[in-house]
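Encoded as structure tokens, the structure appears first; notes follow it.
Source: prediction; values computed, not measured. Sequence lines set the chain letters: A, B, ... in the order given, protein chains first and strands last, and positions in each chain run from 1. The figures that follow rest on heavy atoms only: side chains count, while hydrogens, waters and symmetry mates do not.
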2 protein chains.
Amino acid sequence: MQIVSPLERSAITSSDRVLFEIQRAIVEGNIVAGSKISEPGLARRFNVSRAPLREALARLERCHLIERIPNAGARVVTLSPEGLVALYQLREELEGLACRLAAEQMPDSEIDELRQLLDKHLETQRVREGESYYQEAGDLDFHYRIILGSKNQYLINMLCDQLYYLVRMYRVQMGMNGPRVSRAFDEHKAIINAIANRDGELADLLMRRHIGASRKNIESRLQTEKETS
Amino acid sequence: MQIVSPLERSAITSSDRVLFEIQRAIVEGNIVAGSKISEPGLARRFNVSRAPLREALARLERCHLIERIPNAGARVVTLSPEGLVALYQLREELEGLACRLAAEQMPDSEIDELRQLLDKHLETQRVREGESYYQEAGDLDFHYRIILGSKNQYLINMLCDQLYYLVRMYRVQMGMNGPRVSRAFDEHKAIINAIANRDGELADLLMRRHIGASRKNIESRLQTEKETS
DNA sequence: CCTTTTTTAATTGTCGACAATTTAATGAGG
DNA sequence: CCTCATTAAATTGTCGACAATTAAAAAAGG
């Protein structure tokens, strides 16, 4: 089960291909956070000219995975507690809104699909105890579908095509798994129930809490990491 | 009083320059909504090669001012009631959040400045009765400052560097001015008062209403335009 | 030995040309 | 006359090279 973003569906051009490869490398830490990016270096490494590479860099900047300074170059972002808080503040609002809209817009068929998917993930989760990769994939799948269910193109673009790469980066690079998994499943269930009941207000509230809990979970990791340094 | 976005501060490279020119042309309708974009054509028109032009196009896509299809080209976005609603749904959430954060984060000095600015705008408004350009500039200035006051970099980037160009495009192309102006000033006053009182919750609520009213105002214009066609 | 200036190297931004793909035009067939 | 296939034109994507700017290294001065 690959974690594939909506954008990644179709890698048409060679600029797309290199974008996805670099994106993954940054998220997974193969290109380390905070390091400087060399255009000629990356171009050689991924066997493309600088033209498509620069286009990819522009799109990486949009996801906040790199920061560019004119005439000076680009750096991979550095993860920080402040950045994490800022990111999750936004997620709470946006995904709360997504839930409210999804409660109005999602057709019953999509809701059923999402329910089935939750059950399926729960089973594979039991089998593959402790493999955080599958947990993350399942969680992302859940959130993606609700966001898409909002049918708001700007909301979808912001979350799925921009912020979620950073969310994954925070999770992956601080090894998100741990004891919160089973609780997350229950929370997901409650959210989808609220959406099925067309109770947007409740779905909104539950999603905000859900993300808030998730944030605190990562925050504690960032804290312990800080203490041991 | 030019309407200058935070990004526009410094047009370092020639790609920046052409970006701002095209951005303005699209927002003001000099490049008509829905029209196809010709890379060679624009390159000649703005006296640059296609390399910086394409970089500018990539950044225009990020503000949702154009839509690109791989190997097919780019089109200027078309304005629609659905798009407007989706855009303002997001603004309500995001600027509501901005107010809540600003109530915590803005130093008193910034709040005072904003108050003075409001008064100044009110005066120049009385003098230049009916000039919608100054109204818009004043309104944008107000919203920008609150967003910046939130100190949340992702929020700032999304609103000021991405969505606000589209907001302006909707406003400019349907001639926003009209009878809402004086009421907007009162609403602005109430919001800044709530922030000064460090009442984030109230500021949040007031901003949501303020934007909701603004949305309905534009919606009615889009409606009448539809009826006369 | 440290600071400042000059020189060098490297990197970024821009250009023009070519290759690949798509769109438009042309022609053949029904 | 319309539809489909083929060809031609135009547009997009990619490449390598040059110009401009910035960062690093070396040299001069205190």
Side-chain angles (χ1 to χ4, degrees), chain A residues 5 7-26 31-78 161, chain B residues 5 7-26 31-78 161:
Chain A
S5 76
L7 265 182
E8 202 164 342
R9 297 154 306 206
S10 51
I12 309 278
T13 140
S14 117
S15 162
D16 291 332
R17 182 184 59 78
V18 67
L19 166 66
F20 298 138
E21 293 189 35
I22 299 179
Q23 215 163 37
R24 170 161 306 210
I26 291 180
I31 300 178
V32 286
S35 64
K36 190 171 183 316
I37 281 183
S38 158
E39 287 187 11
L42 278 190
R44 276 193 303 274
R45 176 169 166 183
F46 291 101
N47 281 89
V48 285
S49 147
R50 276 181 56 220
L53 179 84
R54 280 172 64 85
E55 188 146 328
L57 290 184
R59 290 160 82 180
L60 287 172
E61 189 184 18
R62 156 161 54 177
C63 335
H64 306 275
L65 289 184
I66 69 173
E67 290 168 350
R68 292 174 102 184
I69 301 172
N71 286 318
R75 306 193 74 88
V76 182
V77 292
T78 58
D161 300 339
Chain B
S5 76
L7 265 181
E8 202 163 342
R9 300 154 303 205
S10 51
I12 309 278
T13 139
S14 117
S15 161
D16 291 332
R17 182 183 60 76
V18 66
L19 166 67
F20 298 137
E21 293 191 34
I22 299 180
Q23 215 163 38
R24 170 162 305 209
I26 291 179
I31 300 178
V32 286
S35 64
K36 189 170 183 317
I37 282 183
S38 159
E39 286 187 11
L42 278 190
R44 277 194 301 275
R45 178 169 166 184
F46 292 100
N47 281 89
V48 285
S49 148
R50 277 180 55 220
L53 178 84
R54 281 171 63 84
E55 188 146 330
L57 290 184
R59 291 160 82 177
L60 286 172
E61 190 184 17
R62 158 159 54 176
C63 340
H64 306 275
L65 289 185
I66 69 172
E67 290 168 350
R68 291 175 103 184
I69 301 173
N71 285 317
R75 305 193 75 87
V76 182
V77 292
T78 59
D161 300 339

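- The CZ atom of A:Arg75 sits 14 Å away from the P atom of C:dT11 (whole-angstrom rounding).
- Among residues at least two apart or in separate chains, there is no side chain to side chain donor-acceptor pair (under 3.5 Å) pair with a member in residues 66-76 of chain A.
- A heavy atom lying under 4.0 Å from DNA chain D marks the following residues of residues 50-58 of chain A, by number: A:Ala51, A:Pro52.
- For the pair A:Arg17 CZ and D:dG13 P, the interatomic distance rounds to 16 Å; values are reported in whole Å.
- The shortest distance between side-chain heavy atoms of B:Ile31 and B:Leu42 falls below 4.5 Å.
- Side-chain atoms of A:Val18 and A:Glu55, non-hydrogen and from C-beta on, never get closer than 4.5 Å to each other.
- Here B:Phe20 contributes atom CZ and B:Ser15 contributes atom OG; the two are 9.0 Å apart, rounded to the nearest 0.5 Å.
- Atom SG of B:Cys63 is separated from atom CG of B:Leu19 by 6.5 Å, given to the nearest 0.5 angstrom.
- Phosphate contact (OP1/OP2 of D:dG16, side-chain N/O of A:Ser49, threshold under 4.0 Å): absent.
- Residue B:Glu21 holds its CD atom at 9.5 Å from CG of B:Asn47, rounded to the nearest 0.5 Å.
- At the phosphate of D:dT14, OP1 or OP2 sits under 4.0 Å from a side-chain N or O atom of A:Thr13.
- With sequence neighbours left out, the side chain to side chain donor-acceptor pair (under 3.5 Å) criterion links A:Arg50 to A:Glu39.
- Atom pair B:Ile66:CD1 and D:dT12:P shows a separation of 11 Å (rounding to whole Å applied).
- Remark: B:Lys36, B:Ile37, B:Glu39, B:Pro40 in residues 31-42 of chain B come within less than 4.0 Å of DNA chain D through at least one heavy atom.
- Rounded to whole Å, atom C1' of C:dT14 lies 18 Å from atom CZ of B:Phe46.
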Collect all protein-nucleotide pairs involving nucleotides 19-25 of chain C in which both atoms are nitrogen or oxygen and the distance is under 3.5 Å.
none

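- In this structure the side chain of A:Ile66 reaches within 4.5 angstrom of the side chain of A:Leu57, judged on heavy atoms.
- Listed by chain and residue number, A:Ser49 satisfy the side chain to side chain contact (heavy atoms under 4.5 Å, CB included) test with A:Ala51 (two or more places apart in sequence, or in another chain).
- Residues A:Val76 and A:Val32 fail the side-chain proximity criterion, which asks for heavy atoms closer than 4.5 Å.
- Going from atom CZ of B:Arg59 over to atom CD of B:Gln23 covers 8.5 Å, rounded to the nearest 0.5 Å.
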